[in-house]
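In what follows, a single structure is set out as structure tokens and then discussed.
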Amino acid sequence: MTAKTENIVILTGSGVSAESGVATFRDKDGIWAKYDYRDVATPEGFAANPDLVHSFYNDRRRKLPSVEPNAAHIALAELEAGLAARGGGLTLVTQNVDDLHERAGSKNILHMHGELGKATCARCGAVCDCVEDLSVDHGCSVCRQNGGMRPYVVWFGEMPRFMDEAMDAILRADLFVSIGTSGSVYPAAGFAGEARAAGVRAMELNLEPSENAYVFEDSRYGPATKVVPDWVREILG
Ligand code: OAD
């Protein structure tokens, strides 16, 4: 990239955490090869079998302390600091519910699909930190009612969080970069097209071409721990 790249928006997906040992969704051994998303990632699935849904997210939450940020997460945190030091900025929009970007040092993060480390009360809307297992018996520490606690994650059929903030950042950016996502879930999959329509350059870094690879003007293919640090070095010089 030769043009100025000072304000960057990055969208990450599960591929950026794959080499940390966090499962992706649609790869051969991915999460959706083992579970039907309708059972564990929809409001209807939760209503039908809350124990199954709690156990699905409890298992994933329990694994978080044993995984570490990888070279791609760390490079993205360095990119944020490097751009800020020269007057630019980075907005990191992630579909991931893990906390590896935070633990690598990224600050300006929008978790559009929520966070495993939080729970929310369907009765009063309170959001709280959650490091323990959730169950149907769990009480809300704010409204004191039982039975309404659910993982603070966005399910299919629900509105992703921070959409206005993400779109505002994309429209102000001079580069949009999609990293480690298959481009199969909207609205995130539409960001690259929105960027291009607004005259913002778009590139992807992924193991292989994603479903909407044709939208991007530039691309780097390979494992995130290799292609992301290489690209960050190019940007920071
Ligand atoms: P997917 O499983 O759909 O896609 C993962 C992408 O990461 C694929 O394009 C892989 O090629 C790529 N990938 C795998 N390993 C990689 C590596 N080491 N380095 C770089 N890329 C790698 O996961 P997402 O795109 O994150 O939503 O899925 C998006 C959403 O669908 C998730 O947030 C989740 C899921 O259903 C909900 O649960 C609501």
Side-chain angles (χ1 to χ4, degrees), residues 10-46 52-54 56-61 64 67-76 92-101 104 109-118 120 150-163 166 176-193 203-216 219-232:
I10 292 178
L11 170 71
T12 60
S14 55
V16 78
S17 297
E19 290 161 86
S20 292
V22 180
T24 59
F25 292 91
R26 295 173 184 77
D27 291 310
K28 193 167 54 66
D29 301 318
I31 292 173
W32 297 152
K34 301 184 180 87
Y35 290 89
D36 185 326
Y37 78 90
R38 290 167 295 195
D39 294 337
V40 293
T42 62
E44 295 80 10
F46 187 54
L52 172 71
V53 176
H54 279 311
F56 174 72
Y57 289 100
N58 288 342
D59 284 349
R60 292 173 64 197
R61 189 181 304 105
L64 277 186
V67 296
E68 296 296 331
N70 64 44
H73 300 105
I74 292 165
L76 294 180
L92 184 54
V93 185
T94 187
Q95 299 166 92
N96 299 344
V97 294
D98 66 50
D99 59 356
L100 295 179
H101 285 308
I109 308 171
L110 301 175
H111 274 279
M112 61 181 293
H113 288 170
E115 296 172 64
L116 268 182
K118 292 183 178 169
T120 183
R150 57 164 277 185
Y152 182 69
V153 296
V154 173
W155 288 324
F156 288 94
E158 296 181 324
M159 188 58 78
R161 301 193 165 93
F162 306 115
M163 289 304 295
F176 170 82
V177 187
S178 176
I179 302 178
T181 177
S182 60
S184 32
V185 175
Y186 285 80
F191 285 165
M203 75 182 289
E204 83 167 339
L205 312 178
N206 207 37
L207 195 56
E208 55 196 23
S210 66
E211 287 186 22
N212 52 4
Y214 66 92
V215 179
F216 299 97
S219 53
R220 310 286 154 84
Y221 296 119
T225 55
K226 168 86 176 90
V227 295
V228 176
D230 286 353
W231 170 72
V232 166

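When a ligand or atom number is given, it counts from 1 through the structure's own listing order. Throughout, numbering of the chain's residues begins at 1 and tracks the sequence.
- Between the side chains of Ser17 and His73, a donor-acceptor pair is found at a separation under 3.5 Å.
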Using the side-chain contact (heavy atoms from CB on, under 4.5 Å) rule, take His101 and Val16 through it: C-alpha gap first, then chi angles, then the decisive distance, then the call.
CA-CA 10 Å; His101 285 308; Val16 78; 4.0 Å; yes
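- Taking all atoms of both residues into account, the shortest heavy-atom contact from Ala41 to Trp155 is O-CB, 3.2 Å.
- Every atom of ligand 1 with a heavy atom of Ala18 under 4.0 Å away is listed here by number and element: 15 (N).
- Scanning the protein for heavy atoms near atom 19 (N) of ligand 1, the closest one is Ala224 N, 2.9 Å.
- Residue contact check: Pro223 has heavy atoms under 4.0 Å from atoms 19 (N) of ligand 1.
- When hydrogens are left out, the protein atom nearest atom 13 (N) of ligand 1 is Gly15 CA, 3.6 Å; that is the closest non-hydrogen contact.
- Among protein heavy atoms, atom 28 (O) of ligand 1 sits closest to Arg26 NH1, 3.2 Å.
- Not a single ring-ring contact (aromatic ring centres under 6.0 Å, His included) links His111 to another residue, sequence neighbours left out.
- Counting protein heavy atoms only, atom 30 (C) of ligand 1 is closest to Val185 CG2, 3.7 Å.
- Considering backbone and side-chain atoms together, Ser14 places an N or O closer than 3.5 Å to an N or O of ligand 1.
- Contact detail for Met159 and Val154: the closest heavy-atom pair is O-CG1, 3.9 Å.
- Looking at Ser182, Ser17, Ala189, it is Ser182 that brings a heavy atom closest to atom 4 (O) of ligand 1.
- Counting only non-hydrogen atoms, the option in Thr42, Asp27, Val154, Thr225 that gets closest to atom 10 (C) of ligand 1 is Asp27.
- When only interatomic distances are considered, the shortest N/O to N/O separation between Phe25 and ligand 1 falls below 3.5 Å.
- Near Thr24, with a cut-off below 4.0 Å to any heavy atom, the atoms of ligand 1 are 2 (O).
- Both cation-pi conditions hold for Arg161 and Tyr152: the charged atom is under 6.0 angstrom from the six-membered ring centre and inside a 45 degree cone around its axis.
- Closest protein heavy atom to atom 25 (O) of ligand 1: Thr181 OG1, 2.6 Å.
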Check step by step if side-chain contact (heavy atoms from CB on, under 4.5 Å) holds for Ser210 and Phe216.
CA-CA 10 Å; Ser210 66; Phe216 299 97; 4.1 Å; yes
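- Between Leu116 and Pro151, the closest side-chain pair of non-hydrogen atoms is not below 4.5 Å.
- Listed here is the closest heavy atom pair of Ala224 and Gly15: CB-O, 4.1 Å.
- Counting protein heavy atoms only, atom 29 (C) of ligand 1 is closest to Gln95 OE1, 3.3 Å.
- Between Thr12 and Leu76 there is a side-chain heavy-atom pair separated by less than 4.5 Å.
- Close approach of ligand 1 to Gly180 (heavy-atom distance below 4.0 Å) involves ligand atoms 5 (C), 6 (C), 7 (O), 21 (N).
- Close contacts between ligand 1 and Glu19 involve ligand atoms 17 (C), 18 (N), 19 (N) [criterion: under 4.0 Å to a heavy atom].
- Between Trp32 and ligand 1, an N or O atom pair is found at a separation short of 3.5 Å.
- Numbered from 1 in the order shown, with element, the atoms of ligand 1 that lie under 4.0 Å from a heavy atom of Gly13 read 26 (O).
- Contact check for Phe56 versus Asp39: no side-chain heavy atoms found under the 4.5 Å cut-off.
- In this structure, the protein non-hydrogen atom closest to atom 33 (O) of ligand 1 is His113 ND1, 2.8 Å.
- At least one heavy atom of Phe156 sits closer than 4.0 Å to an atom of ligand 1.
- In terms of protein heavy-atom proximity, atom 12 (C) of ligand 1 is nearest to Asn206 OD1, 3.4 Å.
- Residue pairs meeting the salt bridge (charged side-chain N to carboxylate O under 4.0 Å, His left out) criterion with at least one member in residues 21-37, sequence neighbours excluded, are Asp36-Arg38.
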